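Bear in mind the structure is a predicted one, so any value in this text is a computation, not a measurement.
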Amino acid sequence: VFVSAAIAKRDKRILEGPDFFTRGFIFTEQSRDVVDGAKAKVRDMLRKYREGKFPHQDDLVRALKQELAEYLRSKTRRRPTIIVSLLEVR
């Protein structure tokens with residue numbers, strides 16, 4: 001699973017995304033609900049980052065991977081590799 005988002009460097013607001021690519025991980029009949037739930041988790045974590053809960057972007061990425069791993073495991077009973085790409089834009 002590949003997750004990407006663009007955030008503003010100055011105020012840490014979401015500029016684009018989050019986008020998910022789940023190629024071969026989940027099937028279409030279940031993918032909509034699972035991806036929507038995962039996007040909500042990412043948006044919530046990015047909001048916490050904006051509020052200062054995570055002092056560094058590395059802490060956010062680590063927490064995102066852990067949160068998504070737990071969520072996807074609970075919904076699919078599978079453990080995908082999760083790659084997070086956050087781009088800070090000026």
Main-chain N/O of Leu72 paired with Arg78 side-chain donor or acceptor, under 3.5 Å: no
Residue pair Tyr49, Ile7: steps toward the side chain to side chain contact (heavy atoms under 4.5 Å, CB included) verdict: CA-CA 10 Å; Tyr49 178 58; Ile7 54 177; 3.6 Å; yes
Within one Ile-Leu-Val-Met-Phe-Trp-Tyr cluster: Phe2 and Met45, side-chain cutoff 4.5 Å: no
Closest non-hydrogen atom pair between Ile82 and Ala69, with its separation: CD1-N, 3.4 Å
Smallest separation among heavy atoms of Ser4 and Phe21, with atom names: OG-CE1, 4.4 Å
Spacing of Leu15 atom CG and Lys9 atom NZ [to the nearest 0.5 Å]: 13.0 Å
Least distance between heavy atoms, Phe20 atom then Val35 atom: CB-CG1, 4.1 Å
Contact summary for Ala6 and Val89, nearest pair of heavy atoms: CB-CG2, 4.3 Å
Lys/Arg N to Asp/Glu carboxylate O, Asp44 vs Lys41, below 4.0 Å: no
Test side chain to side chain contact (heavy atoms under 4.5 Å, CB included) applied to Val1 and Thr81, step by step: CA-CA 6 Å; Val1 174; Thr81 298; over 6 Å; no
Heavy atoms of other groups near Glu16 CD, more than 12 under 6.0 Å: no
Pair Asp36 + Lys39: basic N to acidic O under 4.0 Å: no
Side-chain heavy-atom pair Val34, Tyr71 within 4.5 angstrom cut-off: yes
Validation row: Glu88, Gln57 side chains within 4.5 angstrom (heavy atoms): yes
Chi angles and distances behind the side chain to side chain contact (heavy atoms under 4.5 Å, CB included) call for Arg50, Arg13: CA-CA 7 Å; Arg50 187 175 185 185; Arg13 64 187 163 85; 3.5 Å; yes
Side chains of Leu46 and Leu60 in contact at under 4.5 Å (non-hydrogen atoms): yes
Which atom of Ala5 lies closest to which atom of Pro18, heavy atoms considered: CB-CA, 4.1 Å
Shared hydrophobic cluster for Ile83 and Leu68 (ILVMFWY, side-chain gaps under 4.5 Å): no
